[in-house]
Amino acid sequence: MKIYNTLTKSKQEFEPLEPGKVKMYVCGPTVYNYIHIGNARPMIVFDTVRRYFEYKGYDVNFVSNFTDVDDKIIKAAIEEGVDSSVISKRYIEECKKDMKGMNVRPATKHPLATEEIDGMIEMIQTLIDKGHAYVAADGTVYFRTSSFKEYGKLSHKNLEDLQSGFREIKVTGEEGKEDPTDFVLWKPKKEGEPFWVSPWCEGRPGWHIECSVMSKKYLGEQIDIHAGGEDLIFPHHENEIAQSEAANGKTFANYWMHNAFLNIDNKKMSKSLGNFFTVRDISEQYDLQVLRFFMLSAHYRSPLNFSRDLMEASKNGLERILTSMERLRELEAKAADGAQGEGQKEKEAKEGREAEVLKDVQALVEKYEAAMEDDFNTADAISAVFELVKLANTSVDETSSKELVVSVKHTMETLCDVLGILTERKKEVLDSEIEEMIAKRQAARKAKNFALADEIRGTLLGMGIVLEDTREGVKWKRM
């Protein structure tokens, strides 16, 4: 299995730290609002990587954090007049709903930054003791980048060039830095912000330190794979390496995986351009399985362009798979065990034909695995699934043995499951059931139980039912 390693800028054979085990850390979202479709790409991609490792028999310890203290979270809390924990808890739950809709499995552990402050203080103190960090007059703690000789090795940036560039953009409030490239490990509190007590000042951690601490706590000082979007290569992941390796004295991660950007109609996603979409927005137009299928239709290191035409193409492609699976299930229900009323020659001829079909199925499994083991090329893996669909549609019918039908069906289910593609259509919900749930939601809103009202709306959304509150009352439609 070969993985493209951002650190070495090359594909490398995967060799785990421990035979049969994979320790993997993926940077999660900052939870100040609904996740956007840019957040969805790494979630889907690295969930698929995890699934493939498990398919190959590895025991995967998969950790992905939630950043639940951040300037954006604090800003949203101030605007609503609530504690920042109210904002983070709300959007962690909303994020989990979207993850479920995309069939992204929960991580082995989803640590929260606010629950790991003691570990962050401990690592920062270690860095100070080792001379890799220093305390400014106002209590801010900075990492001393010049103390880590390999700084820049992940992003392939030269420290001298960085120092020159940073000096030109030096901003107010950084007078306590020894060098413009030094970065914050701990910062003093501001009025109205959450804070924690530390040896240096009352304040909160910098962003970068949280992942170093959580990765160490839940995976150990050394891990196999660290992953995230390519926007995190510098400075976030570069700074994680510096912190972790300076504190622990060991290589932090052996493989660094990064997915490419997602564009909208060939433009960068931006609220100012009016092309900013949350996963929840998309769920009102498409089943989130379509979004997942779309995300996997290109190699994860290739830039991906989101458009209605490409989503429609993904919807049609997913429909081909679902229709074929439906047909196989119907054939399985009808198929008889063993030969029925066949002569010896007919039986042997049939067995020979089916053996050839099974050989073709196995060849497609091998093609699929070869694609996945070449840096997780999901686009080529999906092509192999489509070939399997074609084979199933042309070579499996009412005359096929139950053994053949079951074998082809099971293979298709397995390969789709690795991609996180569900192979059963959602159960059709009766209109009367929908109306009953809407009535319960209205009653909850009248009683000012908005949490229950939102929960019912989310449940309906998961069933493919979109609600619209209008002056004439609640209207609904199926996605």
Side-chain angles (χ1 to χ4, degrees), residues 25 27-28 30 63 65-71 73-74 84-85 88 109 111-155 159 162-163 166 171 173-190 193-223 226 228 232 234-253:
Y25 188 96
C27 289
T30 301
V63 176
N65 68 305
F66 286 119
T67 297
D68 64 338
V69 58
D70 172 88
D71 290 343
I73 295 171
I74 294 167
S84 59
S85 64
S88 58
K109 178 70 178 178
L112 306 181
T114 56
E115 295 179 358
E116 308 295 340
I117 302 294
D118 288 347
M120 295 181 210
I121 291 172
E122 185 181 338
M123 182 175 278
I124 293 169
Q125 188 60 57
T126 298
L127 291 168
I128 293 171
D129 293 344
K130 289 188 172 185
H132 293 292
Y134 57 93
V135 186
D138 65 351
T140 303
V141 184
Y142 292 103
F143 184 90
R144 184 179 283 120
T145 55
S146 61
S147 73
F148 186 69
K149 302 305 179 189
E150 292 184 289
Y151 191 79
K153 66 179 179 178
L154 179 69
S155 56
L159 186 56
L162 282 172
Q163 288 169 332
F166 272 82
V171 296
E174 293 192 339
E175 290 80 5
K177 285 187 177 184
E178 292 179 355
D179 188 277
T181 60
D182 294 348
F183 58 88
V184 173
L185 298 173
W186 188 268
K187 52 188 174 183
K189 69 177 181 180
K190 292 180 182 177
E193 290 188 353
F195 66 89
W196 289 263
V197 176
S198 81
W200 319 291
C201 67
E202 293 180 340
R204 59 189 170 95
W207 174 38
H208 311 299
I209 193 70
E210 67 177 81
C211 291
S212 287
V213 168
M214 291 187 275
S215 178
K216 178 180 179 179
K217 180 175 178 178
Y218 296 104
L219 296 171
E221 292 181 343
Q222 291 181 285
I223 66 173
H226 198 311
L232 299 181
F234 186 86
H236 186 50
H237 287 168
E238 193 72 72
N239 292 352
E240 276 191 67
I241 289 175
Q243 294 163 166
S244 295
E245 297 190 1
N248 303 326
K250 297 177 182 177
T251 298
F252 178 29

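By convention here, the first residue in the shown sequence is residue 1. FYI, side chains are in, hydrogens and waters are out, and symmetry mates aren't considered; it's all heavy atoms of this structure.
Shown here for Met123 and Ala247, the closest heavy-atom pair between the two residues is CG-CB, 4.0 Å. Closest approach of Thr114 to Ile117, counting heavy atoms only: O-CG1, 3.5 Å. The nearest pair of heavy atoms linking Leu232 to Gly228 is CD1-CA, 4.3 Å. Taking all atoms of both residues into account, the shortest heavy-atom contact from Ala253 to His226 is CB-CB, 3.9 Å. The minimum heavy-atom distance between Pro188 and Cys201, with the atom names listed, is CA-SG, 3.6 Å. Across Ala242 and Tyr151, no two heavy atoms sit closer than the pair CB-CD1, 3.9 Å.
Between Phe183 and Phe143, the ring planes are parallel. Angles under 30° get that label, and only those over 60° would be called perpendicular.
To the nearest 0.5 Å, the span separating OG on Ser212 from NZ on Lys217 amounts to 15.0 Å. Taking CG of Leu185 as the reference point, atom CD of Glu210 lies at 12.5 Å (rounded to 0.5 Å). Distance check: Thr251 OG1 to Ile223 CD1 gives 11.5 Å after rounding to the nearest 0.5 Å. Rounding to the nearest 0.5 angstrom, the gap separating the OG atom in Ser198 from the CG atom in Asp118 is 11.0 Å. Distance check, rounded to the nearest 0.5 Å: NZ of Lys216 to CD of Gln243 gives 12.0 Å. Going from atom NZ of Lys109 over to atom CG of Leu219 covers 12.0 Å, rounded to the nearest 0.5 Å.
No donor-acceptor distance shorter than 3.5 angstrom exists from the side chain of Lys189 to the backbone of Glu202, with no hydrogens or angles considered. Looking only at distances, no side-chain donor or acceptor of Lys187 sits under 3.5 Å from a matching main-chain atom of Gly203. Formation of a donor-acceptor pair under 3.5 Å by the Asn65 side chain with backbone atoms of Cys27 is not found in this model. Judged purely by atom type and a 3.5 angstrom limit, Glu238 uses its side chain to pair as donor or acceptor with the backbone of Ser155. Remark: the backbone N or O of Leu112 is not paired with any side-chain donor or acceptor of Asp68 at under 3.5 angstrom. Remark: the backbone N or O of Thr181 is paired with a side-chain donor or acceptor of Asp179 at under 3.5 angstrom.
The side-chain contact (heavy atoms from CB on, under 4.5 Å) test with Val63 singles out one residue from Ser215, Pro111, Cys211, and that residue is Pro111.
Shown here is Lys130, whose NZ atom has more than 12 heavy atoms of other residues, nucleotides or ligands within 6.0 Å. Sparse packing is recorded around CD of Glu122, with 12 or fewer heavy atoms of other residues, nucleotides or ligands lying under 6.0 Å away.
Counting heavy atoms from C-beta outward, Phe252 and Leu154 have side chains that stay 4.5 Å or more apart. Using a 4.5 Å cut-off on side-chain heavy atoms (C-beta onward), Gln125 and Trp186 make no contact. Annotation: side chain of Pro194 is in contact with side chain of Val69 (closest heavy-atom distance under 4.5 Å). Side-chain contact between Tyr142 and Glu178: absent, with no pair of heavy atoms (C-beta onward) separated by less than 4.5 Å.
Judged as a ring-ring contact (aromatic ring centres under 6.0 Å, His included), and not counting sequence neighbours, the contacts of Phe66 are His110. By the ring-ring contact (aromatic ring centres under 6.0 Å, His included) test, His236 is found to be paired with Trp207, His208, residues two or more places apart in sequence or in another chain being considered.
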side-chain hydrogen bond (donor to acceptor under 3.5 Å, both in side chains) evaluation trace for Tyr218 with Glu116: CA-CA 11 Å; Tyr218 296 104; Glu116 308 295 340; 2.6 Å; yes

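A salt bridge links Glu245 with Lys153; the closest basic N to acidic carboxylate O contact falls under 4.0 Å. Electrostatic pairing of Arg204 and Asp71 counts as a salt bridge here, judged by a charged N lying under 4.0 Å from a carboxylate O.
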